[in-house]
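Single-structure report; data block below.
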Amino acid sequence: MNEFLGILDAVVGEAISPDTAAVAIAVIGLNIHFGFTGLLNIGQAGYMLLGAYGMAISITYDIPLAVAVLIGLVVSVLFSFILGLPTLKLRGDYLAIVTISAAEIIRYTGRLAAFEDFTGGSQGIFGKDYQGPFMDLSFFGSGSFDLLPLNYRDAGGGAGLRVVGLLVAVAAVVGIVVIAKRMKSADGQAPKIGTTATPKLVVAALFVVLFLALFFSFPQTEPRTSVDGWWVRVVAWSLVGVSCIIVFLLVRSPWGRLLRGIREDEEAMRSLGKNVFAIKMQALIIGGMFGALGGMVYVLTGSVQADSMGRQLTFFAYTALLLGGAATIFGPVLGSIIFFSARILVRELSGAYVPNSIMSTQQTEQFSYVVVGVALVLLVIFRPQGILGDKRELRFHV
Amino acid sequence: MSEPTNPSTPSGTTTTDGQGDLADPAARRALMSGVAQVPGAEKPDPILSVDRITRHFGGITAVDVEHLEVQRGLITALIGPNGAGKTTFFNLITGFDKPSSAGKGAHWSFNGAKLDKTSAPKVAKAGMVRTFQLTKALSRMTVMDNMMLGAKDQTGESLAKAMFKPLWHSQEGEVRAKAEELLARFKLLEKKDDYAGSLSGGQRKLLEMARALMTDPTMIMLDEPMAGVNPALTQSLLGHIQSLRDEGMTVLFVEHDMHVVQHISDWVVVMAEGRIVAEGPADTVMANPAVIDAYLGAHHDTDLGDDDLLRDEVVKDLHHEADEEEAARRDAEKGKR
């Protein structure tokens with residue numbers, strides 16, 4: 001039992017880690033590009049790297065944190081202009097070609113020995129060189145903090161208590177799904193406006209229960225930073241929340257309608273007097289800024305190392321986006337959480353229960369990627385709209 | 001020109017007042033009676049005027065138009081055989097394509113404003129809105145969203161204001177009301193929450209036309225509005241187009257169906273091999289020998305809906321006739337030499 005709890009510990013740890021939040025923010029940006037506007041950006045990792053470099057290098061030159069973040073965002077905006085000006089008037093494929101190569105160019109430039117004074121070359125910029133200003137902002141104190149009268153580590157102490165907490169969490173998830181499905185089918189048959197408030201409240205309450213159960217069942221510390229890991233987590237996930245709200249506000253507006261119109265047919269939009277180029281540029285910039293922000297969060301707990309934000313990360317971002325559901329608000333967040341924690345689950349399970357003679361510890365790491373890849377293939381075949389996507393949208397081939 | 005005409009007004013409004021009510025067929029006939037029936041004829045009050053537009057694709061000249069004027073407030077049909085360059089011509093004047101003669105004497109103006117270097121969105125904003133031969137319904141958006149995209153000057157379409165709903169909420173309501181009104185007119189109102197991709201081909205044509213009307217155009221350009229539409233729907237589409245004209249809109253449309261052209265158009269422009277070969281009212285232009293040669297063929301008055309035409313003997317007869325005509329023509333040419 002303890003072994004299994006240990007595995008779940010690792011899974012939850014990955015699910016709520018700041019890295020997952022960072023990728024989720026980048027995926028939210030990618031969702032604006034690909035999901036809403038139909039821009040095939042295969043260089044989101046390049047945006048992340050630029051944001052990270054912009055912030056980290058600025059801080060090493062003693063620029064205040066807020067300004068450093070701004071610099072990172074401005075750099076991403078310039079990058080969008082450089083990528084967008086020549087390609088956005090052309091067919092979509094050209095943006096894909098240019099973004100993937102531009103992201104690689106940035107990665108190689110970051111590794112370049114000639115710029116070692118700024119970027120640290122292939123070693124990267126070490127966390128201690130730029131994390132100080134951010135960590136100093138923490139008001140969580142050091143180590144653990146008290147929520148309710150209990151210290152949360154004490155509450156999660158016994159295995160029995162943790163199992164109870166886990167069961168409560170599972171029950172909460174089941175409840176949420178059941179109620180959500182009911183609400184959906186009720187919407188489809190007869191829209192009852194007056195009665196929707198109560199189930200919504202129940203769902204909200206269940207989310208709180210879920211959070212508390214997980215929180216106390218799986219005490220987490222942040223291993224890589226000396227300062228309290230919860231500070232990084234809370235900031236990272238708050239940024240995810242803020243990003244979701246911004247995207248929600250944007251896509252429900254007439255501007256969001258323009259994005260979807262462009263995704264469907266640019267020519268039709270031009271015939272209606274819309275400046276397609278300008279709107280695509282705006283979308284590229286906004287999504288790129290989310291990418292840069294994600295990159296900044298990504299390096300908060302580690303170091304700015306060019307190779308950690310390569311093509312692979314872009315493809316992970318696409319996987320998370322398709323998994324959660326493109327052109328939805330919470331799809332990118334849900335997709336990122338499930339993608340990263342599922343991989344850890346596969347890795348840990350196969351590490352614990354598959355004998356070493358069949359699969360060694362190193363092989364479980366690769367095996368986890370294989371399983372995730374196969375799962376993605378199955379997902380695209382059997383549920384192409386992702387977890388949260390609207391199936392109706394797929395009936396029409398465009 | 002025998003008709004009293006208004007001096008062309010640069011404003012977007014129609015100038016039908018000075019020419020009598022153009023909803024009256026007699027008034028329209030009277031208006032156009034003074035116009036010479038030759039290619040590039042001058043019109044009393046042209047809304048669109050085109051000069052020296054050519055477009056080459058490699059060695060092929062797709063469009064070579066010396067001069068064309070389109071009269072304000074009427075339905076003008078643009079006809080011609082396949083490959084005559086009608087759609088290319090549409091693309092050129094609406095900014096979707098650039099003429100090969102750009103900068104070398106190509107000029108065209110709409111409502112008094114030069115369009116030589118204007119991009120497609122700006123042409124649409126100026127009030128000349130087009131539809132497409134292959135309908136471009138935005139499939140994965142609802143019919144309502146399709147419609148609301150058409151409205152011009154929406155505050156909420158600016159990125160800076162998009163996030164703040166109070167800034168665009170009231171305008172959104174107005175746009176929605178207007179869209180519902182148009183959808184009701186085109187009998188699509190009950191479909192407003194369906195995805196546009198679920199509509200039938202004919203309904204998409206209606207949606208596209210309604211969407212174009214959301215922009216409050218001065219002139220609407222329809223590229224084969226009746227292609228693939230069943231006869232009943234054709235009838236109602238024709239009614240819509242005529243009512244647009246009666247409200248003062250200028251209509252230019254490409255069409256293959258001669259019945260349709262004869263039924264609703266006030267003026268017909270015939271293109272062949274990129275050139276304009278004839279102009280005139282529908283009933284007389286069909287008799288023009290250039291048109292018959294280029295497009296209608298010697299058997300243009302034969303009803304192609306007649307099943308007999310598909311019987312072998314008849315086809316043989318027709319071939320025979322055609323051969324005789326060909327021989328006679330050759331003889332005539334020899335005689336000329």
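Side-chain atoms are counted along with the backbone in the values below, which use heavy atoms only and exclude waters and symmetry mates. Order of the sequence lines sets the chain letters (A, B, ...), proteins ahead of strands, with each chain counted from 1.
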Legend entry - Contact listing (chain A partner; residues 88-96 of chain B; heavy atom under 4.5 Å):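 Residues in range: Gly95(B), Phe96(B).
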Got [X] and [Y] here, is their nearest side-chain heavy-atom distance under 4.5 Å?
X	Y	result
Arg260(A)	Leu138(B)	no
Pro121(B)	Lys274(A)	no
Met269(A)	Lys136(B)	no

Inset, instruction - State the CZ-OG distance between Arg263(A) and Ser139(B), to the nearest 0.5 angstrom. - result: 10.0 Å
Legend entry - Straight-line distance of Glu208(B) CD to Ser271(A) OG, nearest 0.5 Å: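 Result: 6.5 Å between the selected atoms.
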Inset, instruction - For the pair Glu172(B) and Arg257(A), evaluate side-chain contact (heavy atoms from CB on, under 4.5 Å) and give the outcome as yes or no after the intermediate values. - result: CA-CA 12 Å; Glu172(B) 189 82 343; Arg257(A) 196 163 55 210; 2.8 Å; yes
Inset, instruction - Mind listing the closest non-hydrogen atom pair of Ala268(A) and Phe132(B) along with its distance? - result: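 For Ala268(A) and Phe132(B), the tightest heavy-atom pair comes out as CA-CE1, 4.1 Å.
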Evaluate whether atom [atom1] of [X] has more than 12 neighbouring non-hydrogen atoms of other residues, nucleotides or ligands under 6.0 angstrom away.
X	atom1	result
His56(B)	NE2	yes
Gln133(B)	CD	yes
Phe34(A)	CZ	no

Between chain A and each of [options], count heavy-atom pairs under 4.5 Å; write down the option with the most.
options	value
Gln154(B), Met148(B), Lys125(B)	Met148(B)
Thr215(B), Leu149(B), Asp145(B)	Leu149(B)
Gly156(B), Ala212(B), Pro217(B), Ala151(B)	Gly156(B)
Lys152(B), Lys161(B), Lys165(B)	Lys165(B)

Using non-hydrogen atoms and a 4.5 Å limit, figure out which bit of [X] sits close to chain A: side chain, backbone, both or neither.
X	answer
Met128(B)	neither
Ala126(B)	neither
Ala120(B)	both
Lys122(B)	neither

Inset, instruction - Go through Ile285(A) and Leu159(B) one step at a time and tell me if the side-chain contact (heavy atoms from CB on, under 4.5 Å) criterion holds. - result: CA-CA 11 Å; Ile285(A) 288 173; Leu159(B) 179 55; over 6 Å; no
Legend entry - Pairs involving residues 234-244 of chain A, ordered by first then second residue, that meet salt bridge (Lys or Arg N to Asp or Glu O under 4.0 Å) (sequence neighbours left out):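 Every candidate salt bridge (Lys or Arg N to Asp or Glu O under 4.0 Å) pair involving residues 234-244 of chain A fails, so no pair, neighbours aside, qualifies.
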Legend entry - Contact residues of residues 235-255 of chain A (partner chain B; heavy-atom separation under 4.5 angstrom): Ile246(A), Leu249(A), Leu250(A), Arg252(A), Ser253(A), Pro254(A), Trp255(A)
Legend entry - Heavy-atom contacts under 4.5 Å, residues 275-282 of chain A to chain B: Asn275(A), Gln282(A)
Legend entry - Exam field: side chain Glu264(A) to backbone Ala137(B), donor-acceptor pair closer than 3.5 Å: no
